[in-house]
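Take a look at the structure set out below.
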Amino acid sequence: MRLKNKTALITGGSSGIGRETAILFAREGARVVVVDVDDARGNETVDHIREQGGEACYVHADVSKAEACANMIAVAEKTYGALHILFNNAGIMHNDDGDAVSTEEAIWDLTMGINVKGVFFGCKYGIPALRHAGGGSIINTASFVAHLGAATPQLAYTASKGAVLALSRELAIIHARENIRVNALCPGPLRTELLMKFLDTEAKKQRRLVHIPMGRFGEAKEMAQAALYLASDESSYVTGTEFLVDGGITAAYVTPE
Ligand code: NAD
């Protein structure tokens, strides 16, 4: 078991990447704190883990709120004694997120509040907990869009993921000598609810697929495997990276027919 005796907190654990990662981490021996605003589905993740013999609990927290983030970390420490892995993964991509002219200020603020401030709060309250544990691993979910511009705009989302990448890098340097590693996970386009709601017609899906050398969307399970590597001691010399798991999209100039 690759995460035996570790406690992991995962935000956005009710769905997609967060849910698959919670299930995988528990299977690898971690005690998992599932955090989300969707309580019904968060509890489903926990039930699934328990049915498979794993250990998990659910905490409701809106990651854009400081008090909620302070509480989720406190619950993790109180319930399981220590926190070793912090996966700041919750994020939104709003339907009304467009270009600079069309995007409303409220959509910008909402996106930044969850996608960027949520990661900041996770780290603000989580880093002291990792220090108590003698070190640990932080994984922040950014995106391939932090590397590439798109003609189908989602400006607030793209800017938010650029910010996640930049802050992850800096935190990695700041905490490198405290045995705290900080890495960004940069998924490519995935077949999860978040993207499929945005690419809601076959034509929009095909337009995105044209750019992916592998010719398919990624799966949340494939991101969970990458997060497992970053969470485990197998990545003990890895910090400050922008781990791209993207079917080759950022490497491509022209994709094969
Ligand atoms: P998803 O929509 O399936 O899951 C996101 C989860 O975050 C949901 O359970 C949702 O309830 C939760 N959430 C939303 N706002 C929250 C808040 N304020 N507080 C707490 N939880 C909240 O999406 P996913 O595809 O699994 O996305 C996970 C992460 O991966 C996001 O940060 C997303 O931006 C990123 N990402 C996704 C893709 C993709 O193609 N799906 C690509 C690159 C990056």
Side-chain angles (χ1 to χ4, degrees), residues 9-24 33-46 58-73 86-95 97 107 109-122 139-148 150 152 154 156-165 167-168 184-200 204-205 208-209 211-212 214 216-224 226-227 242-247 249-250:
L9 184 149
I10 301 174
T11 69
S14 295
S15 174
I17 299 174
R19 172 176 279 185
E20 292 300 335
T21 304
I23 292 168
L24 181 63
V33 182
V34 175
V35 174
D36 211 288
V37 286
D38 186 336
D39 299 346
R41 295 182 72 190
N43 280 304
E44 264 173 39
T45 304
V46 167
Y58 175 73
V59 181
H60 175 99
D62 175 346
V63 297
S64 67
K65 303 279 187 287
E67 208 178 307
C69 290
N71 180 60
M72 72 185 185
I73 301 290
L86 172 62
F87 188 15
N88 292 308
N89 165 75
I92 59 158
M93 185 195 282
H94 202 282
N95 265 339
D97 189 2
I107 300 299
D109 288 345
L110 180 70
T111 305
M112 289 295 169
I114 297 171
N115 294 10
V116 185
K117 205 153 68 162
V119 174
F120 163 60
F121 284 150
I139 306 154
N140 298 325
T141 306
S143 169
F144 75 101
V145 303
H147 294 262
L148 294 173
T152 318
Q154 39 181 19
Y157 183 80
T158 299
S160 75
K161 295 304 185 181
V164 170
L165 203 54
L167 73 82
S168 301
L185 175 64
C186 295
L190 305 183
R191 211 165 48 83
T192 66
E193 248 177 77
L194 178 130
L195 186 65
M196 293 306 112
K197 265 197 263 169
F198 186 74
L199 306 178
D200 55 0
K204 285 186 195 166
K205 286 189 181 71
R208 187 62 62 89
L209 281 172
H211 300 284
I212 307 173
M214 287 191 179
R216 66 169 176 89
F217 291 108
E219 301 292 337
K221 279 190 163 78
E222 294 173 306
M223 302 308 117
E242 34 205 80
F243 193 1
L244 281 155
V245 187
D246 69 351
I249 192 169
T250 52

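Scope of the values below: all heavy atoms of this structure, side chains included, with no hydrogens, waters or symmetry mates. Atoms within each ligand, like the ligands themselves, are counted from 1 in listed order.
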Result for side chain to side chain contact (heavy atoms under 4.5 Å, CB included) between S160 and one of V119, D97, V116 points to V116
Quiz prompt | Side chain proximity check, Y157 to N115, heavy atoms < 4.5 angstrom | solution = yes
Hits for side-chain contact (heavy atoms from CB on, under 4.5 Å) against K197, two or more places apart or cross-chain, chain-then-number order -> E193
side-chain contact (heavy atoms from CB on, under 4.5 Å) filter on K117, not counting sequence neighbours, yields F120, F121
Residue set satisfying side-chain contact (heavy atoms from CB on, under 4.5 Å) with V59, at least two apart, ordered chain then number -> V33, V35, N71, M72, V75
Please tabulate, one line per pair, the protein N or O atoms found under 3.5 Å from any N or O atom of ligand 1, giving the distance to one decimal.
residue: ligand 1; atom: 3 (O); partner: S15; partner atom: OG; Å: 2.5
residue: ligand 1; atom: 9 (O); partner: D36; partner atom: OD1; Å: 3.4
residue: ligand 1; atom: 9 (O); partner: D36; partner atom: OD2; Å: 2.7
residue: ligand 1; atom: 11 (O); partner: D36; partner atom: OD1; Å: 2.6
residue: ligand 1; atom: 18 (N); partner: D62; partner atom: OD1; Å: 2.9
residue: ligand 1; atom: 19 (N); partner: A61; partner atom: O; Å: 3.4
residue: ligand 1; atom: 19 (N); partner: V63; partner atom: N; Å: 3.0
residue: ligand 1; atom: 25 (O); partner: T192; partner atom: OG1; Å: 2.6
residue: ligand 1; atom: 26 (O); partner: I17; partner atom: N; Å: 2.8
residue: ligand 1; atom: 32 (O); partner: N89; partner atom: O; Å: 2.8
residue: ligand 1; atom: 32 (O); partner: K161; partner atom: NZ; Å: 2.9
residue: ligand 1; atom: 34 (O); partner: Y157; partner atom: OH; Å: 2.6
residue: ligand 1; atom: 34 (O); partner: K161; partner atom: NZ; Å: 3.1
residue: ligand 1; atom: 36 (N); partner: Y157; partner atom: OH; Å: 3.4
residue: ligand 1; atom: 40 (O); partner: L190; partner atom: N; Å: 2.8
residue: ligand 1; atom: 41 (N); partner: T192; partner atom: OG1; Å: 2.8

Check: Under 3.5 Å, is there a donor-acceptor pair between the S14 and D38 side chains?
Finding: no
